[in-house]
Each structure stands twice: as C-alpha cells, then as structure tokens.
Amino acid sequence: MSGPVRPYVITGGRSRPSRNVLALESLVSTVPGADTGEAELNREHQRILALCGRLLAIAEIAAHLHLPLSVVKVLVGDLWDLGAVQVLPPATAVHRPPDVPQAERLPTSLLEEVLVGLRQLR
Amino acid sequence: MASANSAEPSYLPSTVQGAVKVLVTGPFGVGKTTLVGSLSEIAPLRTEETMTAAGVGIDDLTGRTGKTTTTVALDFGRITLNPQLALYLFGTPGQQRFWPLWEDLSRGALGAIALVDTRRIGESFDVLGQLEEQGIPFAVAVNVFPDTVHHSEQELRDALDLLPDVPILHCDARDRQAAYDVLIDFVAHLHATAVLELQP
Ligand SMILES: Nc1nc2c(ncn2[C@@H]2O[C@H](COP(=O)(O)OP(=O)(O)O)[C@@H](O)[C@H]2O)c(=O)[nH]1
Ligand SMILES: [Mg+2]
C-alpha cells in the first residue's frame, strides 16, 4: 500500500483506463481546491465532489447518491483524470488469473492483517 | 431491513490506506443480507448495477436494437479492521442470470462465503459451480434455520459435490458472534492455504 495513484494514461478518447481499474471497494476522496480548468462538470460530478470530502468507497458513493455503480465508475474516472479526486490503490488483488506465479497470488501478510483485525473486533 | 442510504454518510478514518472485499453469495432468501448486516459496522447500504445482456454485437450487425437490461441489487457493509485497512462485504446474488457481472464484482476479492440453506440444497448448485469456474476461493456456510435438519459434514460434502479443501461452516446469520466466527474461520482458511502454498 502506497500513496494515491494517478491513472496511467489520460486518453481523452473513448477508452478510459481509469474507469476499468476502479473496483467497488476503491477508496475515493476529493482533492481540496483542485483546479479542474475548463472541464465541464455536470451535476453528478459536483455531487460526488461534495460527498467525498472524506474517504468513501465507490459502492458507498453509488448508494448515497442513488446512482448505478457503472455510472459512478465513469464519473469518478472523469474526476480522477482531471485530478479532482484521489483514488487509493487496491489493498491487493489476491484473486488473480491462474497464470500469475503462485507466490504472487498469496499475500499472507495481508490475510494475517485481516485475521488479526477480525479477531480483535469479534 | 432498514437501509441507511439516505442517512449522513459514515466516512472511513482518514488514516485508511486501502480496502479488501469478501463476497457473500447464495440463492435468494438464503440470508446474504442478514449476514452482511450482522457483520457490518455501518447500517448496510444498497446499490444497483445494471447489466446489458444478449448479443450486442449481433444486434449491431443486423441493425436491430434490442438490448435487455437487468438490474442487480447489492447489499453491502463495512468493517474497519485497523486504522489502515477496511473490509467490505458484498451480498452478491447467486443466480445464473447475474454471471456477466461476476468478473467485475469479484475482481480483487479475497474470496466468497457461499451461504447454503440445506432445506433447498439444489438452489446452491449453480453458484457453487460458478465459484469453482471463476477460481474464487470460497467456504460454504450453512445458514441454520429452525427446521433445518442436521446433516453430517460428509453428507453435505457429497450432496454439494465439494472438494475436500472447501471448508463447511455453520451459522445463524442473524447472530453477530456466529457471523464473525464464519468470517474468521474463512479468512483463517485462506491464510493457512496461502502459507501452505508458499512452501516449496
Ligand atoms: N431463522 C433464521 N432466519 C434467517 C436467518 N438468516 C436469514 N433469515 C431470514 O430469512 C429471510 C431471508 O434472508 P435475507 O438475508 O434477506 O436473504 P438474501 O435474499 O440472501 O439476502 C429473512 O426473513 C431473514 O430474516 C437465520 O440464520 N435463521
Ligand atoms: Mg438480500
């Protein structure tokens, strides 16, 4: 886990990689005072910026704003491309395609962290 | 169950650096929403995903429009595990018509808890097959209802056609401790498997 990441490419075209890396549990927060320049933000973009003054997951944004998940992913992707929100990188992707080497599929330290947390909260 | 969608959002602590997720799946009425609610620190939220089905490419070629959309409701909850890490729990419908969404929903998941109602065991066959096919690590959790008849583990394993390494757990999804025990046993299983597979 490191700091916030920017999308790897800003295509400006129809294909937006930023949207595809967003998961239900990706954590989003508004960048205070970000300059969105000439970009035209619609009402839903504005609502996301207003909601995410502090950290929320994509799924939480969708639930609170009564928007479908796929729509929220697109809108957050737009805002991410503009630098108006930060998106934290996923804690991991444990479930990976089988061609990924075994050792890489198995973050035992993360599972241990989850287990310790749950046992303390039980 | 009351949903908190309209309430003031419950934000994560600003110290959180990332999140993991576990899916809770199974047929309609098996207790997914109940289990998520028992585990969640926030009042469970509900969101929707829409899905466009049926050969879009073919429609384009023949000039027909006729996309059908299906909506999937997902109930979810959250546990802040420590100041840096959060866990999301997604109640994910286990019917075949939702398979097109599964790849996206399950991407990055630690695994899935498949709730089973042994009074109607056949309704779980589809989802167990789907978990195996998608390569998602899972445990079976039998949700015990008042008139659930007790079956031995071997009977259940045979009836559900489960591989020996899939844990079979039991719970009352309404009970917080029981729900926690299922989640803890599942993650302990994932951890033990991961440690074993690391060994040469
Ligand atoms: N007796 C009993 N009832 C349960 C249990 N879990 C769920 N229920 C009830 O079964 C019904 C369906 O549960 P729900 O969580 O909505 O199922 P879902 O469709 O899988 O989300 C609800 O009326 C619950 O109150 C359980 O462990 N024991
Ligand atoms: Mg439900």
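Quick note on labels: first sequence line is chain A, next is B, and so on, each numbered from 1.
Neither the backbone nor the side chain of B:L39 comes within contact range of chain A, judged by heavy atoms closer than 4.5 Å. Using a 4.5 Å cut-off between heavy atoms, B:F186 does not touch chain A at all. Interface residue B:L12: backbone and side-chain heavy atoms are both found under 4.5 Å from chain A. Heavy atoms of B:I79 lying under 4.5 Å from chain A belong exclusively to its side chain. With a 4.5 angstrom heavy-atom cutoff, A:L27 touches chain B only via side-chain atoms. Heavy atoms closer than 4.5 Å to chain A are found in the side chain of B:Y180, but not in its backbone. If you measure heavy-atom distances from A:L67 to chain B, the contacts under 4.5 Å come from the backbone alone.
Evaluation of the salt bridge (Lys or Arg N to Asp or Glu O under 4.0 Å) rule for B:R157 yields B:E153 as partners, not counting sequence neighbours.
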*Intermediate values then yes/no, side chain to side chain contact (heavy atoms under 4.5 Å, CB included), A:T108 and B:H191*: CA-CA 6 Å; A:T108 52; B:H191 181 254; 4.3 Å; yes
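Side chains of B:L45 and A:H64 form a contact here, defined as non-hydrogen atoms less than 4.5 Å apart. Side chains of B:L183 and A:L118 form a contact here, defined as non-hydrogen atoms less than 4.5 Å apart. Contact of the B:V20 side chain with the A:E25 side chain is not registered, since no non-hydrogen atoms from C-beta on lie closer than 4.5 Å.
Taken together through direct or relayed side-chain contacts under 4.5 Å among Ile, Leu, Val, Met, Phe, Trp and Tyr, A:V31 and A:L75 form parts of separate hydrophobic clusters. Note on B:I168 and B:F125: same hydrophobic cluster, where clusters join Ile, Leu, Val, Met, Phe, Trp and Tyr whose side-chain heavy atoms are under 4.5 Å apart, directly or indirectly.
Side chains of A:E60 and B:Y88: a donor-acceptor N/O pair is present below 3.5 angstrom, by distance only.
A:L110 approaches B:L110 most closely through the heavy-atom pair CD2-CD2, 4.5 Å. In plain terms, the two heavy atoms of A:L121 and B:R176 that are nearest each other are O-NH2, 3.0 Å. For B:S10 against A:L56, the heavy-atom pair with the smallest separation is O-CD2, 3.8 Å. Nearest heavy-atom pair across A:A91 and B:G18 is CB-C, 4.2 Å. Nearest heavy-atom pair across B:P13 and A:L55 is O-CD1, 3.7 Å. Between B:P9 and A:L51, the closest heavy-atom pair is CG-CD1, 3.5 Å.
Looking at B:D104 and A:K73, a side-chain N of the basic residue comes within less than 4.0 Å of a carboxylate O on the acidic one, giving a salt bridge.
Note on B:L105, B:T71, B:D181: by heavy-atom pairs under 4.5 Å with chain A, the leading option is B:D181. Contact count against chain B (heavy-atom pairs under 4.5 Å) is highest for A:R122 among A:R122, A:R54, A:E112.
Between the CG atom in B:L74 and the CG atom in A:L69 there is a gap of 6.0 Å [rounded to 0.5 Å]. Note that OH of B:Y11 is 10.5 Å distant from OG of A:S29, once rounded to the nearest 0.5 Å. Rounding to the nearest 0.5 Å places CG of A:L65 at 9.5 Å from OG1 of B:T47.
One N or O on the side chain of B:E49 and one on the backbone of A:S70 form a donor-acceptor pair closer than 3.5 Å.
Heavy atoms from other residues, nucleotides or ligands lying under 6.0 Å from CG of B:D161 number 12 at most.
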